[in-house]
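The sequence lines fix the lettering, A, B, ..., with proteins before strands; numbering per chain opens at 1.
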Amino acid sequence: NAGVTQTPKFQVLKTGQSMTLQCAQDMNHEYMSWYRQDPGMGLRLIHYSVGAGITDQGEVPNGYNVSRSTTEDFPLRLLSAAPSQTSVYFCASSYSGGGNIQYFGAGTRLSVL
Amino acid sequence: AQKITQTQPGMFVQEKEAVTLDCTYDTSDPSYGLFWYKQPSSGEMIFLIYQGSYDQQNATEGRYSLNFQKARKSANLVISASQLGDSAMYFCAMREAYAGGTSYGKLTFGQGTILTVHP
(Lines give C-alpha, C1' and ligand atoms only; values in the text may rest on other atoms or scores of the structure.)
Protein backbone atom coordinates (compact mmCIF):
# COMPACT_ATOMS: atom_id res chain seq x y z
CA ASN A 1 0.00 0.00 0.00
CA ALA A 2 1.69 3.20 -1.18
CA GLY A 3 -0.62 5.69 0.61
CA VAL A 4 0.78 9.22 0.22
CA THR A 5 4.04 9.46 -1.72
CA GLN A 6 6.23 12.56 -1.67
CA THR A 7 9.23 13.21 -3.88
CA PRO A 8 11.98 14.15 -3.48
CA LYS A 9 12.91 13.27 0.11
CA PHE A 10 15.68 15.86 0.22
CA GLN A 11 16.41 18.95 -1.86
CA VAL A 12 18.90 21.79 -1.73
CA LEU A 13 18.12 24.97 -3.69
CA LYS A 14 19.82 28.27 -4.22
CA THR A 15 17.93 31.47 -3.52
CA GLY A 16 15.78 32.36 -6.51
CA GLN A 17 15.55 28.88 -7.96
CA SER A 18 12.21 27.27 -8.59
CA MET A 19 11.11 23.74 -7.97
CA THR A 20 8.07 21.53 -7.55
CA LEU A 21 7.48 19.17 -4.66
CA GLN A 22 5.46 16.21 -5.80
CA CYS A 23 2.67 14.53 -3.86
CA ALA A 24 0.57 11.58 -4.99
CA GLN A 25 -1.99 9.45 -3.21
CA ASP A 26 -3.59 6.19 -4.28
CA MET A 27 -6.48 6.10 -1.80
CA ASN A 28 -8.95 8.10 -3.93
CA HIS A 29 -9.13 10.75 -1.23
CA GLU A 30 -10.94 13.99 -2.07
CA TYR A 31 -8.90 16.22 0.24
CA MET A 32 -5.21 16.95 -0.02
CA SER A 33 -3.11 19.42 1.93
CA TRP A 34 0.40 20.79 2.18
CA TYR A 35 2.02 21.70 5.50
CA ARG A 36 5.42 22.97 6.53
CA GLN A 37 7.19 22.15 9.77
CA ASP A 38 9.84 24.47 11.14
CA PRO A 39 12.13 23.58 14.07
CA GLY A 40 10.35 23.58 17.41
CA MET A 41 6.99 24.20 15.83
CA GLY A 42 3.98 22.24 14.83
CA LEU A 43 2.85 21.90 11.25
CA ARG A 44 1.32 24.89 9.50
CA LEU A 45 -1.09 24.67 6.58
CA ILE A 46 0.15 26.13 3.29
CA HIS A 47 -2.54 25.19 0.77
CA TYR A 48 -5.27 22.61 0.56
CA SER A 49 -7.65 21.13 -1.98
CA VAL A 50 -11.17 19.75 -1.60
CA GLY A 51 -11.16 18.05 -4.99
CA ALA A 52 -9.75 18.16 -8.49
CA GLY A 53 -9.71 21.72 -9.77
CA ILE A 54 -10.40 23.29 -6.36
CA THR A 55 -7.68 24.74 -4.15
CA ASP A 56 -7.52 27.33 -1.40
CA GLN A 57 -4.98 29.04 0.82
CA GLY A 58 -4.04 27.99 4.30
CA GLU A 59 -2.22 29.86 7.06
CA VAL A 60 1.11 30.45 5.27
CA PRO A 61 0.50 30.51 1.48
CA ASN A 62 2.91 33.25 0.39
CA GLY A 63 5.63 32.06 -1.96
CA TYR A 64 3.83 28.84 -2.89
CA ASN A 65 1.49 27.82 -5.68
CA VAL A 66 -0.60 24.70 -6.06
CA SER A 67 -2.89 23.12 -8.60
CA ARG A 68 -4.90 19.93 -8.64
CA SER A 69 -5.66 18.59 -12.06
CA THR A 70 -6.32 15.02 -10.89
CA THR A 71 -7.61 13.41 -7.70
CA GLU A 72 -4.28 11.66 -7.20
CA ASP A 73 -1.74 14.49 -7.52
CA PHE A 74 -1.23 17.74 -5.65
CA PRO A 75 2.13 19.38 -6.48
CA LEU A 76 3.51 22.33 -4.53
CA ARG A 77 5.49 24.91 -6.50
CA LEU A 78 8.10 27.28 -5.15
CA LEU A 79 8.47 29.96 -7.83
CA SER A 80 11.49 31.78 -6.38
CA ALA A 81 12.94 30.02 -3.37
CA ALA A 82 13.97 32.05 -0.32
CA PRO A 83 15.98 30.98 2.76
CA SER A 84 12.79 31.44 4.82
CA GLN A 85 11.34 28.49 2.93
CA THR A 86 13.89 26.13 4.40
CA SER A 87 11.67 23.62 6.15
CA VAL A 88 10.24 20.12 6.12
CA TYR A 89 7.20 19.84 3.89
CA PHE A 90 4.44 17.33 4.42
CA CYS A 91 1.63 16.38 2.11
CA ALA A 92 -1.52 14.77 3.51
CA SER A 93 -4.73 13.32 2.15
CA SER A 94 -8.11 12.50 3.66
CA TYR A 95 -11.66 11.64 2.75
CA SER A 96 -14.94 13.00 4.02
CA GLY A 97 -15.81 10.03 6.24
CA GLY A 98 -14.31 8.73 9.45
CA GLY A 99 -13.60 12.13 10.95
CA ASN A 100 -11.58 13.32 7.96
CA ILE A 101 -8.39 11.81 9.38
CA GLN A 102 -5.39 13.07 7.45
CA TYR A 103 -2.70 10.61 6.39
CA PHE A 104 0.72 12.03 5.78
CA GLY A 105 3.54 11.38 3.38
CA ALA A 106 7.09 10.88 4.61
CA GLY A 107 8.01 14.53 4.07
CA THR A 108 10.48 16.51 1.96
CA ARG A 109 13.38 18.21 3.68
CA LEU A 110 14.19 21.41 1.77
CA SER A 111 17.17 23.69 2.30
CA VAL A 112 17.41 27.03 0.51
CA LEU A 113 20.89 28.55 0.55
CA ALA B 1 -4.60 33.52 20.12
CA GLN B 2 -3.31 29.96 20.18
CA LYS B 3 -5.83 27.54 18.78
CA ILE B 4 -4.04 24.50 20.17
CA THR B 5 -1.89 24.68 23.28
CA GLN B 6 0.45 21.97 24.44
CA THR B 7 2.04 23.25 27.63
CA GLN B 8 4.53 20.41 28.17
CA PRO B 9 7.60 20.84 25.95
CA GLY B 10 9.01 17.57 27.31
CA MET B 11 7.78 14.66 29.39
CA PHE B 12 9.54 11.67 30.91
CA VAL B 13 7.96 8.35 31.85
CA GLN B 14 9.21 5.02 33.10
CA GLU B 15 8.67 2.03 30.87
CA LYS B 16 5.35 0.23 31.58
CA GLU B 17 3.88 3.26 33.33
CA ALA B 18 1.06 5.46 32.02
CA VAL B 19 1.57 9.04 30.89
CA THR B 20 -0.79 11.90 30.05
CA LEU B 21 0.06 14.51 27.42
CA ASP B 22 -1.94 17.71 27.75
CA CYS B 23 -3.77 19.58 25.02
CA THR B 24 -6.18 22.48 25.25
CA TYR B 25 -7.95 24.05 22.31
CA ASP B 26 -9.93 27.12 21.41
CA THR B 27 -12.78 27.18 18.92
CA SER B 28 -16.24 28.64 18.51
CA ASP B 29 -17.21 26.02 15.94
CA PRO B 30 -19.72 23.53 17.43
CA SER B 31 -18.55 20.80 15.06
CA TYR B 32 -14.84 20.06 15.26
CA GLY B 33 -12.41 17.19 15.43
CA LEU B 34 -9.40 16.57 17.62
CA PHE B 35 -6.46 14.41 16.62
CA TRP B 36 -3.19 13.16 18.03
CA TYR B 37 -0.21 12.35 15.87
CA LYS B 38 3.12 10.78 16.73
CA GLN B 39 6.35 11.88 15.08
CA PRO B 40 9.30 9.58 15.81
CA SER B 41 12.87 10.64 15.18
CA SER B 42 12.59 9.28 11.64
CA GLY B 43 10.23 12.19 10.91
CA GLU B 44 7.02 10.66 9.63
CA MET B 45 3.63 11.72 11.00
CA ILE B 46 1.65 8.79 12.38
CA PHE B 47 -2.05 9.14 13.18
CA LEU B 48 -2.92 7.83 16.65
CA ILE B 49 -6.46 8.75 17.65
CA TYR B 50 -9.46 10.92 16.75
CA GLN B 51 -12.28 12.47 18.79
CA GLY B 52 -15.27 14.21 17.28
CA SER B 53 -16.87 17.09 19.18
CA TYR B 54 -20.22 15.29 19.27
CA ASP B 55 -18.82 11.95 20.40
CA GLN B 56 -20.27 11.03 23.78
CA GLN B 57 -17.52 8.63 24.75
CA ASN B 58 -13.79 9.12 24.92
CA ALA B 59 -11.95 7.62 21.99
CA THR B 60 -9.65 4.65 22.53
CA GLU B 61 -7.19 2.93 20.19
CA GLY B 62 -5.25 0.13 21.84
CA ARG B 63 -2.93 1.68 24.43
CA TYR B 64 -4.02 5.19 23.47
CA SER B 65 -7.04 6.96 24.89
CA LEU B 66 -8.21 10.52 24.57
CA ASN B 67 -9.53 12.19 27.70
CA PHE B 68 -12.03 14.61 26.17
CA GLN B 69 -13.39 17.29 28.49
CA LYS B 70 -15.52 19.49 26.27
CA ALA B 71 -16.42 22.15 28.83
CA ARG B 72 -12.76 22.62 29.69
CA LYS B 73 -11.76 22.44 26.01
CA SER B 74 -9.15 19.83 26.71
CA ALA B 75 -8.21 16.70 24.80
CA ASN B 76 -5.43 14.96 26.68
CA LEU B 77 -3.73 11.86 25.29
CA VAL B 78 -3.22 8.99 27.71
CA ILE B 79 -0.69 6.32 26.83
CA SER B 80 -0.92 3.26 29.01
CA ALA B 81 1.91 0.78 29.63
CA SER B 82 4.57 2.95 27.96
CA GLN B 83 7.10 1.26 25.72
CA LEU B 84 10.55 2.39 24.63
CA GLY B 85 9.17 2.79 21.12
CA ASP B 86 6.76 5.43 22.38
CA SER B 87 9.64 7.91 22.66
CA ALA B 88 8.75 10.56 20.07
CA MET B 89 7.23 13.98 19.51
CA TYR B 90 3.44 14.05 19.95
CA PHE B 91 1.21 16.63 18.31
CA CYS B 92 -2.35 17.57 19.13
CA ALA B 93 -4.34 18.97 16.20
CA MET B 94 -7.81 20.33 15.54
CA ARG B 95 -10.09 20.46 12.54
CA GLU B 96 -12.63 23.27 12.67
CA ALA B 97 -14.83 25.04 10.15
CA TYR B 98 -14.01 28.59 9.32
CA ALA B 99 -16.90 30.96 8.77
CA GLY B 100 -18.54 30.05 5.47
CA GLY B 101 -16.05 27.32 4.70
CA THR B 102 -15.39 23.66 5.20
CA SER B 103 -13.15 22.33 7.91
CA TYR B 104 -12.12 19.30 5.92
CA GLY B 105 -8.55 19.07 4.77
CA LYS B 106 -7.36 21.66 7.27
CA LEU B 107 -5.66 20.99 10.58
CA THR B 108 -4.23 23.36 13.16
CA PHE B 109 -1.39 21.86 15.19
CA GLY B 110 0.03 22.52 18.61
CA GLN B 111 3.78 22.89 19.13
CA GLY B 112 4.20 19.34 20.33
CA THR B 113 5.45 17.46 23.38
CA ILE B 114 8.61 15.36 23.32
CA LEU B 115 8.05 12.14 25.24
CA THR B 116 11.01 10.16 26.50
CA VAL B 117 10.43 6.66 27.87
CA HIS B 118 13.11 5.42 30.28
CA PRO B 119 13.86 1.70 30.69
Side-chain angles (χ1 to χ4, degrees), chain A residues 2-6 9-10 23 25 27 29-52 54-61 66 68 71 74 87-110, chain B residues 2-10 21 23 25 29 31-55 59 61 64 66 68 75 89-114:
Chain A
V4 180
T5 303
Q6 290 184 239
K9 287 186 168 40
F10 302 94
C23 177
Q25 53 94 6
M27 298 175 282
H29 284 172
E30 311 105 292
Y31 304 91
M32 296 186 75
S33 311
W34 276 103
Y35 296 85
R36 61 177 287 173
Q37 183 180 22
D38 299 308
M41 299 181 68
L43 281 67
R44 291 183 293 169
L45 182 67
I46 304 172
H47 285 286
Y48 67 100
S49 170
V50 301
I54 307 170
T55 64
D56 204 348
Q57 297 181 351
E59 180 186 354
V60 287
V66 292
R68 188 148 176 224
T71 300
F74 191 42
S87 190
V88 180
Y89 291 85
F90 288 97
C91 179
S93 75
S94 59
Y95 71 106
S96 56
N100 190 232
I101 296 165
Q102 292 197 22
Y103 296 95
F104 285 81
T108 295
R109 187 174 295 272
L110 176 68
Chain B
Q2 288 271 22
K3 290 280 189 178
I4 296 284
T5 303
Q6 295 181 251
T7 57
Q8 306 155 314
L21 306 184
C23 173
Y25 61 91
D29 183 6
S31 176
Y32 54 90
L34 296 158
F35 305 80
W36 279 91
Y37 286 86
K38 173 184 179 181
Q39 186 176 44
S41 58
S42 51
E44 70 266 36
M45 294 289 289
I46 302 168
F47 165 73
L48 294 178
I49 197 166
Y50 162 74
Q51 179 87 39
S53 60
Y54 293 122
D55 293 342
E61 291 284 352
Y64 304 107
L66 199 152
F68 181 45
M89 175 77 88
Y90 288 81
F91 289 102
C92 180
M94 177 173 65
R95 168 178 55 76
E96 62 173 340
Y98 299 106
T102 179
S103 69
Y104 285 4
K106 300 184 285 190
L107 288 177
T108 301
F109 284 82
Q111 292 192 315
T113 296
I114 299 175

Chemist: Name the member of R44(A), E30(A), R109(A), Q37(A) that forms the most heavy-atom pairs with chain B at distances under 4.5 Å.
Modeler: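 With the most close heavy-atom pairs to chain B, the winner is Q37(A).
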
Chemist: With Y32(B), which residues qualify under ring pair (Phe, Tyr, Trp, His ring centres under 6.0 Å), at least two apart?
Modeler: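 Checked Y32(B) against ring pair (Phe, Tyr, Trp, His ring centres under 6.0 Å); matches are Y25(B).
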
Chemist: CD1 of I101(A) to CZ of F47(B): how many Å apart, nearest 0.5 Å?
Modeler: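 Atom-to-atom, I101(A):CD1 and F47(B):CZ are 3.5 Å apart.
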
Chemist: S49(A) versus chain B, heavy atoms under 4.5 Å apart: side chain, backbone, both or neither?
Modeler: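 Interface part for S49(A): neither.
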
Chemist: Return the CD to NZ distance between Q57(A) and K106(B), rounded to the nearest 0.5 Å.
Modeler: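 If I round to the nearest 0.5 Å, the distance is 11.5 Å.
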
Chemist: Heavy-atom pairs under 4.5 Å with chain B: which of G107(A), G99(A), A106(A) has the most?
Modeler: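 Top count of heavy-atom pairs under 4.5 Å with chain B: G99(A).
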
Chemist: Would you compute the distance between atom OG1 of T108(B) and atom CG of L45(A) and round it to the nearest 0.5 angstrom?
Modeler: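 The distance works out to 7.5 Å.
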
Chemist: So which of G105(A), G40(A), S94(A), S96(A) has the largest heavy-atom pair count under 4.5 angstrom toward chain B?
Modeler: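 The candidate making the most pairs under 4.5 Å is S96(A).
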
Chemist: With sequence neighbours excluded, what pairs up with Q6(B) under the side chain to side chain donor-acceptor pair (under 3.5 Å) test?
Modeler: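 Q6(B) satisfies side chain to side chain donor-acceptor pair (under 3.5 Å) with no other residue.
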
Chemist: For chain A, find which of E44(B), R95(B), Q51(B), M89(B) contributes the most heavy-atom pairs closer than 4.5 angstrom.
Modeler: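 That would be R95(B).
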
Chemist: Do Y37(B) side-chain atoms and F104(A) backbone N/O form a donor-acceptor pair below 3.5 Å?
Modeler: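 No, Y37(B) side chain to F104(A) backbone: no donor-acceptor pair under 3.5 Å.
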
Chemist: Of the backbone (N, CA, C, O) and the side chain (C-beta and beyond), which part of E59(A) lies under 4.5 Å from a heavy atom of chain B, both, or neither?
Modeler: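 Contact with chain B involves no heavy atom of E59(A) at all.
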
Chemist: Do M45(B) and L43(A) have side chains that approach each other closer than 4.5 Å (heavy atoms only, starting at C-beta)?
Modeler: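 Yes, side chains in contact.
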
Chemist: Taking atom CZ of F35(B) and atom CD of Q102(A), what is their separation to the nearest 0.5 Å?
Modeler: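 Answer rounded to 0.5 Å: 7.0 Å.
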
